2 protein chains.
Amino acid sequence: MLTNSSKYALKAVLYLAQYSSEEHKLMVKDFYEKINVPRAYLAKLLQELSRHKLVSSTRGPRGGFYLSEENRDQPLISIIDVIDGPTRLTSCMLSLEECNEDRPCPLHAAFQPSRIKMIRNLEQLTLRELARDLEQQRSFLPR
Amino acid sequence: MLTNSSKYALKAVLYLAQYSSEEHKLMVKDFYEKINVPRAYLAKLLQELSRHKLVSSTRGPRGGFYLSEENRDQPLISIIDVIDGPTRLTSCMLSLEECNEDRPCPLHAAFQPSRIKMIRNLEQLTLRELARDLEQQRSFLPR
DNA sequence: TTATAAAAAGATATTTATATCCTCAATATG
DNA sequence: CATATTGAGGATATAAATATCTTTTTATAA
């Protein structure tokens, strides 16, 4: 479904959404263990997200990563698109280029409705909303 | 969602479901191009499925691969389980071991319904049913 | 202004998935 | 029984994903 990389990235931004702010930045070394992601690899992923303005960062002493208010309004799909590439979830289940509604692949009819629903969710749910669920203990983010 | 390997495998069994029978076996060299799968790699995948009794084969002249009537009654998930391993689709979206209904991960609530629906489809749809769709031109299997 | 701390960037290593090649074993047919 | 043909199996090669290490840049604050 998702690559390890995008799972790592989602865990990281959800953690940042919960525990960071512009006034309280988090360094990689301070939370990579909390989300069980390899330290150096997490740094790479966050750099990539930072380049795409999906997380915020500053260098130097007292620097670190955090989510700005704008960052928090991004949908989940934006993280996945940057890390996994934008076609990962939308392409045909059998990766057939010519699959479409008029000439669907054998899996198309049965799976397209639930696939579309999942993608809509990813496009609509924002980090802010999921962070609220975490805060209210309606969901949890164990290592 | 699925690996290339299981996509290849699904395309192959769907092709065999359409065009092979015990009386009309297909050799790898005769159809790998039809489904756009690397020849030697397709052979490997079919061997693996054969070992698990999901496709039938005989060696020697006039040998090849085909689907028996029993093979045709297998659900799609059995192919995927053999090639990708059985946990690929069922594990948590974030691969959190401790994610469950009582302590769900942040993605759980939004995605579990459509995920379950997809998995049910894979468990219930048989090769025979999808082959029938192909035969009736309700679906298509382009290269 | 200097020392230090942090991310950014680049280079490299490792692991897994994908792909190919070569030999062996089985089977049909003359 | 000999031979050709096919899948089975093992070994190897390549590409992509995952992971680590080192150096550079930027910012802080003493």
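None of the values given here were measured: they were computed from a predicted structure.
One atom, CG of L45(B), and another, P of dG7(D), lie 14 Å apart when rounded to the nearest Å. At whole-Å resolution of the value, CG in L2(A) and P in dT18(D) are 11 Å apart. Look at CD on Q47(A): it is 16 Å from P on dT24(D), rounded to the nearest Å.
A salt bridge links R120(A) to E123(A): one of the charged nitrogens lies within less than 4.0 Å of a carboxylate oxygen. Salt-bridge formation is not detected for the pair E135(B)/R132(B): no Lys NZ or Arg NE/NH1/NH2 atom is positioned less than 4.0 Å from an Asp or Glu carboxylate oxygen. Residues R128(B) and E69(B) are paired through a salt bridge, judged by an N-O separation under 4.0 Å between the basic side chain and the carboxylate.
Checking side-chain atoms of R88(B) against main-chain N and O of M1(B) turns up a donor-acceptor pair under 3.5 Å.
Within a 6.0 Å radius of NZ in K25(B), more than 12 heavy atoms belonging to other residues, nucleotides or ligands are found. Annotation for Q136(B): atom CD counts as buried by contact number, over 12 foreign heavy atoms lying within 6.0 Å.
Protein chain B contacts DNA chain C from dT18(C) to dT29(C), reading 5' to 3' and using non-hydrogen atoms of the protein with a distance under 4.0 Å.
Between dT18(D) and S5(A), a contact under 4.0 Å exists linking OP1 or OP2 to a side-chain N or O. Within the 4.0 Å cut-off from OP1 or OP2 of dG7(D), not a single side-chain nitrogen or oxygen of R51(B) is found.
Within residues 54-69 of chain B, the residues approached by DNA chain C to less than 4.0 Å at the level of any non-hydrogen atom are R59(B), G60(B), P61(B), R62(B), in residue-number order. Of the residues in residues 16-28 of chain B, those placing a heavy atom less than 4.0 Å from an atom of DNA chain D are L26(B), M27(B), V28(B), in numerical order.
The side chain to side chain donor-acceptor pair (under 3.5 Å) analysis of residues 38-47 of chain B, with sequence neighbours excluded, yields the pairs S5(B)-Y41(B).
Counting heavy atoms from C-beta outward, P106(A) and L134(B) have side chains that approach closer than 4.5 Å. For the pair H108(A)/E101(A), a side-chain contact is recorded, criterion being any heavy-atom separation below 4.5 Å from C-beta on. Between L42(A) and Y8(A) there is no side-chain heavy-atom pair separated by less than 4.5 Å.
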Subject >> Test side chain to side chain contact (heavy atoms under 4.5 Å, CB included) applied to L76(B) and N121(B), step by step >> reply: CA-CA 8 Å; L76(B) 296 183; N121(B) 276 334; over 6 Å; no
Interface polar pairs with nucleotides 19-23 of chain D, N/O, under 3.5 angstrom:
unit_1	atom_1	unit_2	atom_2	d
dA19(D)	OP1	Y8(A)	OH	3.4
dA19(D)	OP2	Y8(A)	OH	2.9

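Under the 3.5 Å distance criterion, with hydrogens and angles disregarded, no donor-acceptor pair is assigned to the side chains of D81(A) and S78(A).
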Donor-acceptor pairs under 3.5 angstrom involving side-chain atoms of residues 10-19 of chain A: please list them, not counting sequence neighbours.
unit_1	atom_1	unit_2	atom_2	d
K11(A)	NZ	I35(A)	O	2.8

